[in-house]
Amino acid sequence: MTDFMRTLALFQIPDGVIYLDGNSLGPLPRAVADRVGRVISEEWGNELIRGWNSAGWMTQPRRTGDRIGRLIGAPEGTVVIGDTLSIKVYQALASALELNPARRVILSDSGNFPSDLYMADGLLKSIASDHALRIVAPEQVEAAIDETVAVVMLTEVDYRTGRLHDMRALTHTAHAAGALTIWDLAHSAGAIPVDLSGAGADFAVGCTYKYLNGGPGAPAFIYVAPKHVDDVRPALSGWMGHQAPFAFDLDYRAGPGIERLRVGTPPVIAMAALDAALDVWEGVSMQDVRAASIALSDLFIREVEARCPELALASPRDGRERGSQVSFRHENGYAIMQALIARGVIGDFRAPDMIRFGFTPLYIGETEVRAAVDAIADVMANSRWDAPEYRERALVT
Ligand SMILES: Cc1ncc(COP(=O)(O)O)c(C=O)c1O
């Protein structure tokens, strides 16, 4: 059994804060500051440029990638870290389209994160072909997979509602129709058990600043199934993905395996923070995380519905159909969330009307859930959200 008291002690959570936003930005694992400090003062400070070799900076994207691979059912050597998730979506999509040249449709859904759709749109404009991006409702994806579809590109857990797609079933349907799949795991990695190999996924991408606690702007990851990787032509053919970056050839030759999905110089300091953050997963079972997350979310839904009838559940009621977050709708959702944050209960708001709460058993337990519901009930029953300072929209919601 995973010891969640042990994992709780590994995080710095400010006094008086109930942090229900680890689905957006994970809190700080205590070990990160020390590791980053050492990388800066000892590695960068003393090693200077020698650090690329002596401190292993050059191979870090693969080593840290393998650590994430263990959490998402990806074999060694199939995951690499770098860039942002939007960039990784672009890379995966460009490669997948080239692997399926007779097809012209990218199929996605309206629950996908807009940046994924924007990247697809931008890619199609750049290649100026007759490809099309087809967006259907999440529940219509399966029926929309036909012989015109080149790639099914989905986010497994809907960022707004938490609705979970059946990765295995949809990948199977896609393959039966001759299509490839790209799975965005932004709200899955570290939140729910993921088995990329078992599901037969072709590509997967994800960020590391949410449930993996890598810090604001932490670099992203990309997975390519071993059966495809040697056929992938990198669209972003930067020198770090070259077979021999330091040969400085004038021609691009893709590097071996997943290395070719690297682009430019890795963010060594950010990667050190991420690598230290991943230490908290040692000894943690994703099955235990999942069971605890569903229990906490179910308790939260039950209590909020009993005490705050004016909040409408926006997430699936069945825990098996959700990721690790719960959302409620209210027309004054933004102000409600600001009033909660002022009371130390931190979640977030997603337009047009959703308040969103993430349940992360590594550092959230039943006590926190019950205290958060007390605060929500107080804010709702006494209209504490109805104040001018809570209505003013900040840049980030
Ligand atoms: C599902 C999903 N995809 C893509 C992105 C964009 O990621 P990035 O800003 O790292 O490019 C996000 C950001 O939250 C996301 O939630």
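One-based numbering, in listed order, for ligands and for the atoms of each.
With a 4.0 Å cut-off on non-hydrogen atoms, Phe113 touches ligand 1 through its side chain and not its backbone. Residue-level proximity to ligand 1 for Cys207 is absent, since no heavy atom of it falls below 4.0 angstrom.
Remark: aromatic rings of Phe246 and Phe248 are close, center separation under 6.0 Å.
Close approach of ligand 1 to Thr155 is summarised as follows: ligand atoms under 4.0 Å from at least one heavy atom of the residue are 1 (C). Heavy-atom proximity to Tyr209, at under 4.0 Å, picks out these atoms of ligand 1: 7 (O), 8 (P), 9 (O), 10 (O), 13 (C), 14 (O). Close approach of ligand 1 to Asp116 (heavy-atom distance below 4.0 Å) involves ligand atoms 3 (N), 4 (C). Interface of Ala186 with ligand 1, defined as ligand atoms under 4.0 Å from a residue heavy atom, comprises 1 (C), 2 (C), 15 (C), 16 (O). Each of the atoms 10 (O), 11 (O) of ligand 1 lies under 4.0 Å from some heavy atom of Thr84.
Rounding to the nearest 0.5 angstrom, the gap separating the CG atom in Leu8 from the CD atom in Glu368 is 7.0 Å. The distance from the OG atom of Ser315 to the CG atom of Asp158 is 8.5 Å, given to the nearest 0.5 Å.
Within the 4.0 Å heavy-atom cutoff, Lys88 does not count among the residues contacting ligand 1.
Taking both residues in full, the closest heavy atoms of Val194 and Met167 are given as CG1-CE, 4.0 Å, listed atom of the first, atom of the second, then distance.
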Exercise. Passes ring pair (Phe, Tyr, Trp, His ring centres under 6.0 Å), Phe359 versus Phe357? Steps please.
Worked result: CA-CA 7 Å; Phe359 296 91; Phe357 304 90; 7.0 Å; no

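Using a 3.5 Å distance cut-off with no hydrogens or angles, the side chains of Trp281 and Thr7 do not pair a donor with an acceptor. Counting only N and O atoms by type, the side chains of Glu47 and Trp57 include no donor and acceptor under 3.5 Å apart.
The protein heavy-atom contact nearest to atom 16 (O) of ligand 1 is His187 NE2, 2.8 Å. Given atom 14 (O) of ligand 1, the protein heavy atom at minimum distance is Lys210 NZ, 2.9 Å. The protein non-hydrogen atom at the shortest distance from atom 3 (N) of ligand 1 is Asp184 OD2, 2.7 Å. Among protein heavy atoms, the minimum distance from atom 11 (O) of ligand 1 is reached at Ser86 OG, 2.6 Å.
Using a 4.0 Å cut-off between charged nitrogen and carboxylate oxygen, Arg67 and Asp279 count as a salt-bridge pair.
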